[in-house]
Every structure is written in structure tokens, then in C-alpha cells.
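Inspection log for the structure reproduced underneath, given as C-alpha cells.
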Amino acid sequence: MNTKQIAIFFILLGLACLSGPLSIPIPGTEVDISLQTLFLVLPAFVFPLKKALLLVLSYLFLGALGLPVFSDGSSGIDVLLGPHIGFFIGFLISNVVASALKVFLNNRFWSTFINFSISQFVTLITGFIVLSIKQDSLHIMLESLNFIPGLLVKSLIGSGVVGWLRVKNLIWHEH
């Protein structure tokens, strides 16, 4: 990694760490709205898969160590392994999905938007499936539908950021 790539890695890691504590509770649901899915899927568009996964694992490690980086400023191994573990697993899976889809989709804005949307949906659905199993409530799965508009807005933002990073030649291409 060169200096620019290292800087981008730590900027994205910092944004991911800040996005959790800045979450907004949704009354009547088990999940907050935050920019976590945006900043934890974005690495798949900027880095090769191994580096993207390293960034997400770094985020999870910092949270497990006690830094308040998870939703609502929570932290600790008990939070990481608690009811929201599906979302944490989803962050990793979504990077794999986004990296795989990059191979098949072009670099145009709407292709990136579709990829971002699918990848964020993977995080949400993984999280809500595990949460509904842990809470023994299918109602929680229905709650996931409330998050789709926000997912689409974050996909628009993410696609714009990726386009800007491409123009600035800040996307790491494997050679």
C-alpha cells in the first residue's frame, strides 16, 4: 500500500468508527439508523477484497476492545457476540458480495448504485434474520422493510463517493 492508500484506509476506518455512535434510535425497533452500512461497504469499492475485509475486521476488533464504535456508542465482546452479531457478520459478507459484483458490473454510477444497494441489503437481511432468531420474533423481519429507503439513500451517497474517488484516481486496482 502506498501513502495515499494507507491514508484512505484509515480515513474510512475512522468514518466507520464514527458512524456507529452517531446512530439514531428508531422507536419500536431493535435497530438504529446509522451510516455504518455505508462506511463498512465502501471499502469493497475502494480496495481489493482482502484489504476491505481487513478494514471491517479492524473496526470489529476496535469495538471488541472497548472503543465505542458500534451502534449507539456501544462496545465490547458481549455486544459483538450479542443479538446484533448478524449485522457484524453481514458487514463482512457484504464486502465479499460487493467485490464479486464489481467483476460483473461496469463502473458507471447506476451499476455502482445497484451493487451498493444489494451489498447493504445483504448486511440488513443477515442482521435481521439473526436478530429475529435470537429474539424469537418474525415481526423483526418485517421491521427490516422500514430500512430500505435509508439503504437507497446511502447507496446514492456511496455511489457518488465512489465516482468521486474514481475521478481522483483513489481507487486501488489490483495489478
**Request:** Identify the two heavy atoms, one from Phe128 and one from Phe87, that lie closest to each other, and give their separation to 0.1 Å.
**Result:** N-CZ, 3.8 Å

**Item:** CA sep, side-chain torsions, deciding dist, call: Val79, Ser74, side chain to side chain contact (heavy atoms under 4.5 Å, CB included)
**Value:** CA-CA 7 Å; Val79 174; Ser74 60; 3.6 Å; yes

**Prompt:** Are the side chain of Asn2 and the backbone of Lys4 linked by a donor-acceptor contact shorter than 3.5 Å?
**Reply:** yes

**Prompt:** So do Val130 and His84 actually touch side chain to side chain, heavy atoms under 4.5 Å?
**Reply:** no

**Close side-chain approach of Leu22 and Leu35, heavy atoms under 4.5 Å** = no

**Request:** Locate the shortest heavy-atom distance separating Gly90 from Thr123; write the atom from each residue and the value.
**Result:** O-OG1, 3.1 Å

**Request:** Would you name the heavy atoms of Val69 and Gly63 that are closest together and state the gap between them?
**Result:** CG2-CA, 3.4 Å

**Asked** Would a 4.5 Å heavy-atom cut-off, applied to side chains only, mark Leu92 and Leu53 as touching?
**Response** yes

**Prompt:** Under the 3.5 angstrom rule, does the side chain of Gln135 hit a backbone N or O of Ser132 as a donor-acceptor pair?
**Reply:** no

**Prompt:** Looking at CG of Asn115 and CG of Leu105, how far apart are the two atoms once the value is rounded to the nearest 0.5 Å?
**Reply:** 5.5 Å

**Asked** What's the verdict on side chain to side chain contact (heavy atoms under 4.5 Å, CB included) for Ser144 and Leu124, showing C-alpha distance, side-chain angles and the deciding distance?
**Response** CA-CA 7 Å; Ser144 67; Leu124 285 180; 5.6 Å; no

**Sole candidate of Ile171, Leu170, Thr3 that passes side chain to side chain contact (heavy atoms under 4.5 Å, CB included) when paired with Ile8** = Leu170

**Request:** State plainly whether one hydrophobic cluster holds both Leu60 and Leu18, where clusters connect Ile, Leu, Val, Met, Phe, Trp and Tyr through side-chain heavy atoms under 4.5 angstrom apart.
**Result:** no

**Request:** Name the orientation class of the two ring planes belonging to Phe116 and Phe45 (parallel below 30°, tilted from 30 to 60°, perpendicular beyond 60°).
**Result:** parallel

**Request:** Examine Leu138 and Ile125 and state if one hydrophobic cluster contains both, with Ile, Leu, Val, Met, Phe, Trp and Tyr joined whenever side-chain heavy atoms are less than 4.5 Å apart.
**Result:** no

**Asked** Judged by atom type as modelled, is there a donor-acceptor pair below 3.5 Å linking the side chain of Asn95 to the main-chain atoms of Leu40?
**Response** yes

**Prompt:** Same hydrophobic cluster for Phe104 and Val41, using side-chain heavy-atom links shorter than 4.5 Å among ILVMFWY?
**Reply:** no

**Request:** Determine whether Pro43 and Lys51 make a side-chain contact, defined as any pair of heavy atoms from C-beta on separated by less than 4.5 Å.
**Result:** no

**Closest non-hydrogen atom pair, Leu62 against Cys17** = CD1-SG, 3.9 Å

**Separation of Ile133 CD1 from Ile140 CD1 (nearest 0.5 Å)** = 10.5 Å

**Message:** Set out, in order, the CA-CA distance, both residues' side-chain angles and the distance that settles side chain to side chain contact (heavy atoms under 4.5 Å, CB included) for Ser58 and Leu54, then state yes or no.
**Reply:** CA-CA 6 Å; Ser58 298; Leu54 176 63; 4.1 Å; yes

**Asked** Between Lys102 and Phe47, what is the shortest heavy-atom contact and its length?
**Response** NZ-O, 3.6 Å

Residues 154-166 side chain polar contacts: donor-acceptor under 3.5 Å, at least two apart:
residue	atom	partner	partner atom	Å
Lys154	NZ	Ser34	O	2.9
Lys154	NZ	Thr37	OG1	2.9
Ser155	OG	Ser117	N	3.3
Ser155	OG	Ser117	OG	3.1
Ser155	OG	Gln120	NE2	2.8
Ser155	OG	Leu151	O	2.9
Ser159	OG	Phe113	N	3.1
Ser159	OG	Ser155	O	2.7
Arg166	NH1	Asn107	O	2.9
Arg166	NH1	Thr112	OG1	3.4
Arg166	NH2	Asn107	OD1	3.3

**Message:** I need the Ile114 CD1 to Phe109 CZ distance, nearest 0.5 Å.
**Reply:** 10.5 Å

**Request:** Give a yes or no on whether the backbone of Ile85 and the side-chain of Lys134 come within a donor-acceptor separation of less than 3.5 Å.
**Result:** no

**Asked** So, Ser94 side chain and Phe91 main chain: donor-acceptor pair closer than 3.5 Å or not?
**Response** yes

**Request:** Please tell me if the side chains of Met141 and Ile129 come closer than 4.5 Å, counting only heavy atoms from C-beta onward.
**Result:** yes

**Asked** Looking at CG of Leu13 and CG of Leu57, how far apart are the two atoms once the value is rounded to the nearest 0.5 Å?
**Response** 11.0 Å

**Listed partners of Ile148 passing side chain to side chain contact (heavy atoms under 4.5 Å, CB included), at least two apart** = Phe121, Leu145, Leu152

**Item:** Hydrophobic cluster identity match, Val167 and Trp110, side-chain contacts under 4.5 Å
**Value:** no

**Connected-component partners of Leu65 among ILVMFWY, side-chain separation under 4.5 Å** = Phe61

**Prompt:** Is the count of non-hydrogen atoms from other residues, nucleotides or ligands lying under 6.0 Å from Asp78 atom CG greater than 12?
**Reply:** yes

**Asked** Looking at the rings of Tyr59 and Phe70, which for Trp means the six-membered one, are their centres under 6.0 Å apart?
**Response** yes

**Prompt:** What are the two closest non-hydrogen atoms of Pro21 and Pro68, and how far apart are they?
**Reply:** CG-O, 2.8 Å

